[in-house]
Number of protein chains: 2
Amino acid sequence: MTPAEPAAGANAPDSPDAARAEAAGGREGARSPREEVLDAAAQCFMEKGFGAASIDDVARRMGATKGRVYHWYRSKLDLFVDVVRYSLELIHDQTAAAAAAGPPEGRMARMLRAHLRSILRDRPYHRVALQGVDLHLRAATTPEQREALAGLIALRDRHQRLFEKAIAEGVELGLYAPCDVPLTARTMLAAANGAVFWYRPREGETEADRNELIEKIAAYCLHGLHGPAAEKGEKA
Amino acid sequence: MTPAEPAAGANAPDSPDAARAEAAGGREGARSPREEVLDAAAQCFMEKGFGAASIDDVARRMGATKGRVYHWYRSKLDLFVDVVRYSLELIHDQTAAAAAAGPPEGRMARMLRAHLRSILRDRPYHRVALQGVDLHLRAATTPEQREALAGLIALRDRHQRLFEKAIAEGVELGLYAPCDVPLTARTMLAAANGAVFWYRPREGETEADRNELIEKIAAYCLHGLHGPAAEKGEKA
DNA sequence: GTCTATATTATGATAGAC
DNA sequence: GTCTATCATAATATAGAC
């Protein structure tokens, strides 16, 4: 749990809830040497993909050389794993907090807003995470790597289960139409995550602009939960 | 337009509408030598990603060696471009046909079914296409490559416009709630494309199973178009 | 902690036999 | 049309100076 320790396996920057400033987008204001590497890696992996981005690219983005990267991370795959882990912890923590912050009625809306806010704000990290955790699972040779990647799958499932729970709850309460809960959660998350692929902060974009975008996407995602059954007043 | 011609730029296997048998999934039954290479590439890129998959991987999957691949494709990027192009033409043609095959009322449902059917059926191709066309745009050095990639963007936009048009039409007709049409189209497509990342044909899966899956996903996507306004009977 | 070499390996691409 | 070399390059990872 030490916030900054050289390459020693799976530990990483402090928990996402701490003051993470402008984690992804901010070129400056990195929080620790290790996190500076992590930010650079997230941006490089986002732009070129894990395979095409080189360690030299990551170093160059920091105005440094390889040595700095390898001092903090044992391998490129370790770096990738840490970027994805950070992405998943970040978005899960914020979504879980939003879920707990009020009554069941507006729960899903709050969760979607929190999820989407993180998608826009920490886009490089999430973009990498969505690039395919499973893809590079095959590249994992050592047991430690396979273990780390299994951990990522667990984190991803945890986040999805948060949404499944909220959907099931809403169905129970008669807010949503009955549905295949895991499938619906997956599909809704896919819709919400879509923005990570095309969103780009426009020049002079205000917080209000982003909020409007979030509201529109969340609205679509929410309406998907109301089946035709709900319209006709047929519940269950 | 010749169906099989050695590496000569942007030409490719015949149009997707022809007898394409089991394009993606089928290990056997490839239609032409060039298409056999294309199928192998789609599967390799899907499994390992464009960056990590090697030309040797593609050849090995056919039980051949590099020579065979390079006889039909000038470079790895050319192969990638052709996989994506094939994916986009395939799904667009089928969706456009479904759109034209009936009245406006059920148009979007027909389009979504056609789109989803292709997502499931030609998954390797679509998975590669969604891996990030833009990602490898940077890797394009030669003018021909940049041109080819611009063509892919155009194909992608064409498919999206098909959905935008159907949404706008539905809003006009009072079928759907007014909305930000391009944003909604993107979000709906993201939801529909989500399956490409997690779907795997289960053992003993029937056509009916697939249809049920398609119907569930399409239902979610469709309901997203009906805003709360529709529920309250407020139109426009 | 960061840098400058450098070892090693993998892979994209080519040439030419068959 | 496909194969067997082979070249050239690029990138991961390491060793050791500062």
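Chain identifiers are assigned alphabetically (A, B, ...) following the order of the sequence lines, protein sequences preceding nucleic acid strands; residue numbering begins at 1 within each chain.
Out of C:dG12, D:dT12, C:dG1, the shortest distance to the side chain of A:His71 is found at C:dG1. Minimum atom distance to the side chain of A:Ser54 is reached by D:dA11, of the listed C:dT14, D:dT2, D:dA11.
Protein atom CG of A:Asp57 is 16 Å distant from nucleotide atom C1' of D:dA13, rounded to whole Å. In this structure, NZ of B:Lys48 is placed 11 Å from C1' of C:dA10, rounded to the nearest angstrom. Atom pair B:Asp56:CG and D:dC3:C1' shows a separation of 13 Å (rounding to whole Å applied). In this structure, OH of B:Tyr70 is placed 20 Å from C1' of C:dA17, rounded to the nearest angstrom. Going from atom CH2 of A:Trp72 over to atom P of C:dC3 covers 13 Å, rounded to whole Å. In this structure, the CZ atom of B:Arg60 is 18 Å from the P atom of D:dT2, given to the nearest Å. Rounded to whole Å, the distance from CD1 on A:Ile55 to P on C:dT8 is 20 Å. Rounding to whole angstrom units, CZ of residue B:Phe80 and C1' of C:dG12 are separated by 17 Å.
Comparing A:Ser75 and B:Lys66, the nucleotide of DNA chain D nearest to each residue sits closer to the 5' end for B:Lys66. Taking for each of B:Ala52 and A:Gly63 the nucleotide of DNA chain C with the nearest heavy atom, the 5'-most of the two is the partner of A:Gly63.
Contact check, A:Thr65 against C:dC3: a side-chain N or O comes under 4.0 Å of OP1 or OP2.
Cation-pi contact between B:Arg34 and B:Tyr73: present, with separation from the ring centre below 6.0 Å and deviation from the ring axis of at most 45°.
Here B:Ala59 lies out of heavy-atom contact (under 4.0 Å) with every strand.
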How far apart are the C-alpha atoms of A:His71 and A:Val37, what are their side-chain angles, what is the distance that settles it, and do they pass the side chain to side chain contact (heavy atoms under 4.5 Å, CB included) test?
-> CA-CA 10 Å; A:His71 179 73; A:Val37 175; over 6 Å; no
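Counting only distance, with no hydrogens or angles, the side chain of A:Arg123 and the backbone of A:Val196 share no donor-acceptor pair below 3.5 Å.
With respect to the salt-bridge test (charged N to carboxylate O, under 4.0 angstrom), the residues B:Glu164 and B:Arg161 do not qualify. At a threshold of 4.0 Å, the pair B:Arg61-B:Asp39 does not count as salt-bridged, since none of the basic side-chain nitrogens sits closer than that to a carboxylate oxygen.
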